[in-house]
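Report on one structure; see the data block that follows.
Computed from heavy atoms alone, side chains included, the values below leave out hydrogens, waters and symmetry copies.
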Amino acid sequence: MANGQWFPPDWPERIRALTDGTLTPVAPKRAATVMLLKDAGSGPVVHMLRRRASMAFAGGAYAYPGGGVDPRDDDRHVRWAGPTRAWWAARLGVDETAAQAIVCAAVRETYEEAGVLLAGPAPDSVVGDTTGDDWEADRAALVARETSFAGFLDRRGLVLRSDLLGAWTRWITPEFEPRRYDTWFFVAALPEGQRTRNASTEADRTVWIRPADAAASYDEGELLMMPPTIATLRQLLPYGTAAEALAAAPARDLTPVLARARLVDGEVELSWPGHDEFTKHIPAGGGPA
């Protein structure tokens, strides 16, 4: 392959079914993912995990910590610091209940998959080391959905620090996919005193890597990634520090990016508006070209 762009093997067939009207799109579920940054000598590095090759979806692909919204993320108000729920609702383009759920999912999934917690005992503080046995027990209970994130924060006496997140972009899984997500991407800086670890059962490797190095490895076909991942990596390239990226987040356009599939001269053309590098032409009986 010319680069590390990942495509499911059944996409051509499903795209054709969508274009001829025999496939009905499923409704996307809300999700959140976080580009966790820290400063290194040569600029910021981003935390990425590699999905296990055995995973049915995107096996072997590099991604960021993230996942779907837990229904309990929006069932009651959580302990909250930073911009109000109303502010987040306006920023994310949803109502206040959904805004809380999406922000909670971003913070919860980062803790579940990377062991990093964007919360503190006060609105202006962040917890330190979260690697002890008691923290791990709480993290495992969240992963197993034995406890809600709100319950976890209450028991620990912690406040969610929504001000440590910056909303970056929004991508919706193409309509021809059997599992679809409406995913908000966030940026955040690694809190002082905390460290990442491979806490995800879905990943077999984690790395801190310069966005430029990750993008170059993708271009060489060495790192496998889905379009949203490589697109967001390229968007991080102009920033010299994690703080600069966070400062740029409020001005980012959150118009959803949704792939389009159409028939052109007997071929299926697959494209992502605003991201021409991902355009693919699928001939009859063939895979993405």
Side-chain angles (χ1 to χ4, degrees), residues 29-38 46-52 55 63-83 85 88 97-167 181 183-208 242:
K29 298 179 180 180
R30 296 172 300 173
T33 189
V34 177
M35 298 179 285
L36 194 61
L37 305 172
K38 70 176 181 179
V46 61
H47 178 71
M48 303 189 75
L49 53 85
R50 183 176 67 186
R51 293 173 59 83
R52 294 185 183 276
M55 297 295 294
Y64 313 112
V69 167
D70 180 341
R72 295 174 297 178
D73 286 336
D74 59 6
D75 67 356
R76 70 177 193 183
H77 277 206
V78 301
R79 297 163 62 95
W80 190 275
R85 292 168 179 80
W88 277 109
T97 300
Q100 173 183 286
I102 293 162
V103 171
C104 278
V107 175
R108 176 179 50 74
E109 288 286 342
T110 302
Y111 182 52
E112 289 181 10
E113 297 200 339
V116 171
L117 183 59
L118 304 177
D124 59 353
S125 65
V126 185
V127 296
D129 185 13
T130 61
T131 57
D133 290 344
D134 58 336
W135 284 104
E136 178 57 24
D138 281 345
R139 191 198 65 79
L142 285 168
V143 172
R145 299 297 180 260
E146 295 170 355
T147 187
S148 69
F149 191 60
F152 161 73
L153 292 176
D154 283 347
R155 190 175 66 78
R156 286 274 181 179
L158 297 175
V159 180
L160 182 151
R161 291 286 306 276
S162 76
D163 55 314
L164 299 182
L165 287 170
Y181 295 93
T183 304
W184 283 261
F185 287 68
F186 295 85
V187 290
L190 178 70
E192 184 177 353
Q194 294 194 39
R195 61 182 188 270
T196 57
R197 62 188 189 278
N198 185 5
S200 173
T201 59
E202 298 181 354
D204 61 8
R205 184 189 182 206
T206 62
V207 296
W208 282 100

Could you walk me through whether Phe185 and Thr33 satisfy the side-chain contact (heavy atoms from CB on, under 4.5 Å) test, starting with their C-alpha distance in whole Å, then the side-chain angles of each, then the deciding distance to 0.1 Å, before giving a yes or no? CA-CA 5 Å; Phe185 287 68; Thr33 189; 3.1 Å; yes
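- Among residues two or more places apart in sequence or in another chain, the side chain to side chain donor-acceptor pair (under 3.5 Å) test is passed with Ser125 by none.
- Every residue was checked against the side chain to side chain donor-acceptor pair (under 3.5 Å) condition with Arg195, not counting sequence neighbours, and none meets it.
- Contact check for Trp208 versus Leu36: side-chain heavy atoms found under the 4.5 Å cut-off.
- Annotation for His47 and Thr206: closest pair CE1-CB, 3.6 Å, computed over non-hydrogen atoms.
- Counting all heavy atoms, side chain and backbone alike, Thr130 lies closest to Gly115 at OG1-O, 2.7 Å.
- Aromatic pair Tyr111/Phe149: centroids not less than 6.0 angstrom apart.
- In this structure a side-chain-to-backbone donor-acceptor pair under 3.5 Å is missing from Thr183 to Ala32.
- With hydrogens and angles disregarded, a donor-acceptor distance shorter than 3.5 Å links the side chain of Arg139 to the backbone of Glu112.
- Side-chain atoms of Trp184 and Leu165, non-hydrogen and from C-beta on, never get closer than 4.5 Å to each other.
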Yes or no on side-chain contact (heavy atoms from CB on, under 4.5 Å) for Met35 and Phe186, after CA distance, side-chain angles and deciding distance? CA-CA 6 Å; Met35 298 179 285; Phe186 295 85; over 6 Å; no
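- Distance check: Asp73 CG to Thr97 OG1 gives 12.0 Å after rounding to the nearest 0.5 Å.
- The two residues Val126 and Leu117 come nearest to each other via the heavy atoms CG1-O, 3.8 Å.
- Minimum interatomic distance between Val78 and Gln100 (heavy atoms only, all atoms of both residues): N-OE1, 3.4 Å.
- Without hydrogens or angle criteria, Gln194 side chain to Val127 main chain gives a donor-acceptor distance under 3.5 Å.
- In this structure, Leu160 and Leu118 have side chains that are not in contact, with every pair of non-hydrogen atoms separated by 4.5 Å or more.
- Scanning both residues, Trp135 and Asp129, for their nearest heavy atoms gives NE1-O, 3.7 Å.
- Of all the heavy atoms in Leu158 and Arg79, the pair that sits closest is O-NE, 2.7 Å.
- To the nearest 0.5 Å, atom CG of residue Asp138 and atom CZ of residue Arg156 are 4.5 Å apart.
- Here the CD atom belonging to Glu109 is positioned 9.5 Å from the CG atom belonging to Leu142, to the nearest 0.5 angstrom.
- Distance alone, capped at 3.5 Å, is enough to place a donor-acceptor pair between the Arg72 side chain and the Thr147 backbone.
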